[in-house]
Number of protein chains: 2
Amino acid sequence: MKREEKILSDYLSANNLKFTQQRKVILDAFLSLEHHVSAEELYDKLKKKDYGIGLATVYRTLNIFSSCGLAQQRQFGDGQSRYEHEVDHGHHDHLLCQQCGKITEFENKHIEELQKEVAKEKGYVVFTHKLELHGLCPDCAS
Amino acid sequence: MKREEKILSDYLSANNLKFTQQRKVILDAFLSLEHHVSAEELYDKLKKKDYGIGLATVYRTLNIFSSCGLAQQRQFGDGQSRYEHEVDHGHHDHLLCQQCGKITEFENKHIEELQKEVAKEKGYVVFTHKLELHGLCPDCAS
DNA sequence: GTGTTTGCAAATGCTTTGCATCCCT
DNA sequence: AGGGATGCAAAGCATTTGCAAACAC
């Protein structure tokens, strides 16, 4: 059994929820897609395979994935939520192209240390952060 | 005439738009409120004064403010947009309390320099950025 | 005057919910 | 058997849009 499947399965049984066909199918589709998937995109992918899974179920399932740490929900300002895999995919931030919509990930330990300092100065206890750099990707910039 | 009023007035005439009563009233109310106002909050404030201004007009006007640089639109993930004054209020980032919703601003030149380095490494041209630190404010943390 | 703006209500787009039925455990 | 899960359609929100009347220039 895949690691992600075990995480989901454990979470479900711990909360008296059920490991249904749909949840398994949606998990596989979610993992097979690139990062930053919207509910609609996931639903479209499933529709092609004729599983008869409804959009509402996709939303409900993605919320479960968020709750058990399999996915992280993000909003980049285009009006819809996007979901990212969390397992085997450590924390990172995003570069976003305003023209073509491309999303590039990056990580910078030094920035994160400075964030901690800022939080400390202001007396905050910080659990997570979001950093987005908006501009043009290499292709669109040239 | 206030500086903000001149900015709006210039923008409107440059675009063949009109400086209406409503736009003036909404501008004053916007400036009088704290930062990070939602359209609904601004509308509620105006409703109390019985100007008869509709919510649609508030949205339309806030979009104009965004276009002429008087306001910046932000989404903190609670499902609605918030608008900030931009004039006399340089760039900054945010600390957000998950418990009470308090928003604290900060600025850190060093972090911004590192962001530029990251962008350069990845070949991006960056125009703006958003950095949010999510956690507990001093009051809620204790 | 004329073309923009307004308020209202209706429409939109994303997401959630109610409900009868279905399916895990 | 029984309580959670599903699909569908309807409801909810925040935001936008269509339209006739009102207004700025």
Side-chain angles (χ1 to χ4, degrees), chain A residues 1 5 8-27 29-30 36-68 71-83, chain B residues 1 5 8-27 29-30 36-68 71-83:
Chain A
M1 180 155 71
E5 210 172 307
L8 178 58
S9 160
D10 287 351
Y11 174 83
L12 292 173
S13 50
N15 290 276
N16 279 322
L17 304 176
K18 291 166 185 176
F19 201 156
T20 61
Q21 281 299 316
Q22 288 90 332
R23 284 173 182 167
K24 170 150 181 40
V25 169
I26 293 173
L27 177 62
F30 176 60
H36 317 114
V37 187
S38 70
E40 198 79 36
E41 284 164 2
L42 194 46
Y43 173 67
D44 284 345
K45 163 118 183 178
L46 293 165
K47 203 158 55 178
K48 279 183 196 138
K49 302 217 171 168
D50 250 340
Y51 290 122
I53 293 179
L55 181 56
T57 301
V58 174
Y59 274 105
R60 284 186 280 232
T61 306
L62 283 171
N63 284 336
I64 291 176
F65 291 176
S66 297
S67 302
C68 67
Q72 182 157 350
Q73 196 175 163
R74 292 184 180 271
Q75 278 147 294
F76 291 124
D78 61 341
Q80 54 180 16
S81 291
R82 297 190 166 276
Y83 300 80
Chain B
M1 178 154 72
E5 210 171 306
L8 178 58
S9 161
D10 287 350
Y11 174 83
L12 293 174
S13 50
N15 290 276
N16 281 321
L17 304 176
K18 292 166 184 177
F19 201 156
T20 61
Q21 281 299 315
Q22 287 89 333
R23 284 173 182 166
K24 169 149 181 44
V25 168
I26 292 172
L27 176 62
F30 176 59
H36 316 113
V37 187
S38 69
E40 197 80 35
E41 283 163 3
L42 194 46
Y43 173 68
D44 284 345
K45 164 120 183 178
L46 293 165
K47 204 159 55 178
K48 277 182 197 139
K49 301 217 170 164
D50 250 339
Y51 289 121
I53 292 179
L55 181 55
T57 301
V58 173
Y59 273 105
R60 285 187 278 232
T61 305
L62 284 171
N63 283 336
I64 290 177
F65 291 176
S66 297
S67 301
C68 66
Q72 182 154 351
Q73 197 175 162
R74 291 183 180 272
Q75 278 147 294
F76 292 124
D78 61 342
Q80 54 180 16
S81 291
R82 299 191 165 273
Y83 300 80

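Atom set for the values below is all heavy atoms of this structure, side chains included, hydrogens, waters and symmetry mates excluded. Values in this document were obtained by computation on a predicted structure and should not be read as measured data. A note on names: the letters A, B, ... follow the listed sequences, proteins ahead of strands, and every chain is numbered from 1.
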### Query
With B:F65, which residues qualify under ring pair (Phe, Tyr, Trp, His ring centres under 6.0 Å), at least two apart?
B:F30
### Task
Would you kindly give the CZ-to-C1' distance between B:R23 and D:dC25, to the nearest whole Å?
13 Å
## Note on the structure
Comparing nearest nucleotides in DNA chain C, the 5'-proximal residue of the pair B:G52, B:N16 is B:N16
### Contacts of type side-chain hydrogen bond (donor to acceptor under 3.5 Å, both in side chains), residue B:R82, not counting sequence neighbours
B:E41
### Query
For A:Y43 and B:D78, take the nucleotide of DNA chain D holding the closest heavy atom to each; which residue's nucleotide lies nearer the 5' end?
A:Y43
### Task
Five pairs at each end of the helix from C:dG1-D:dC25 to C:dT25-D:dA1: take the axis at both ends and give me the angle between them to 10°.
30°
### Query
What closest approach, in Å, do B:A39 and B:L55 show between heavy atoms, and which atom pair accounts for it?
O-CD1, 4.2 Å
## Note on the structure
Here the distance between atom C1' of D:dA5 and atom CG of A:N15, to the nearest Å, is 15 Å
### Query
Is the closest side-chain heavy-atom distance between A:L46 and A:K49 below 4.5 Å?
no
### Summary
Whole-Å distance, B:Y51 OH to D:dC23 P, equals 17 Å
### Pairs touching residues 72-81 of chain B that satisfy side-chain hydrogen bond (donor to acceptor under 3.5 Å, both in side chains), sequence neighbours left out
B:Q73-B:S81, B:R74-B:E84
### Query
Reading nucleotides 15-25 of chain C 5' to 3', which nucleotides get B (base under 4.0 Å from a protein heavy atom), which S (sugar-phosphate only), which -?
BBBB-----BS
### Query
Between B:S67 and B:N63, is there a donor-acceptor pair closer than 3.5 Å when you use the side chain of the first and the backbone of the second?
yes
### Query
Just how far, in rounded Å, is P of D:dC23 from CD1 of B:I53?
13 Å
Kindly list each side-chain donor-acceptor pair under 3.5 angstrom involving residues 12-24 of chain B, sequence neighbours excluded, with atom names and distances?
residue: B:S13; atom: OG; partner: B:S9; partner atom: O; Å: 3.0
residue: B:S13; atom: OG; partner: B:D10; partner atom: O; Å: 3.3
residue: B:N15; atom: ND2; partner: B:Y11; partner atom: O; Å: 2.7
residue: B:T20; atom: OG1; partner: B:R23; partner atom: N; Å: 3.3
residue: B:R23; atom: NH1; partner: B:K18; partner atom: O; Å: 2.8
residue: B:K24; atom: NZ; partner: B:E5; partner atom: OE1; Å: 3.2
residue: B:K24; atom: NZ; partner: B:D28; partner atom: OD2; Å: 3.0

### Task
Could you check how far CD of B:Q75 sits from C1' of D:dA14, rounded to whole Å?
11 Å
### Summary
B:I26 and B:V58 have their tightest heavy-atom pair at CD1-CA, 4.1 Å
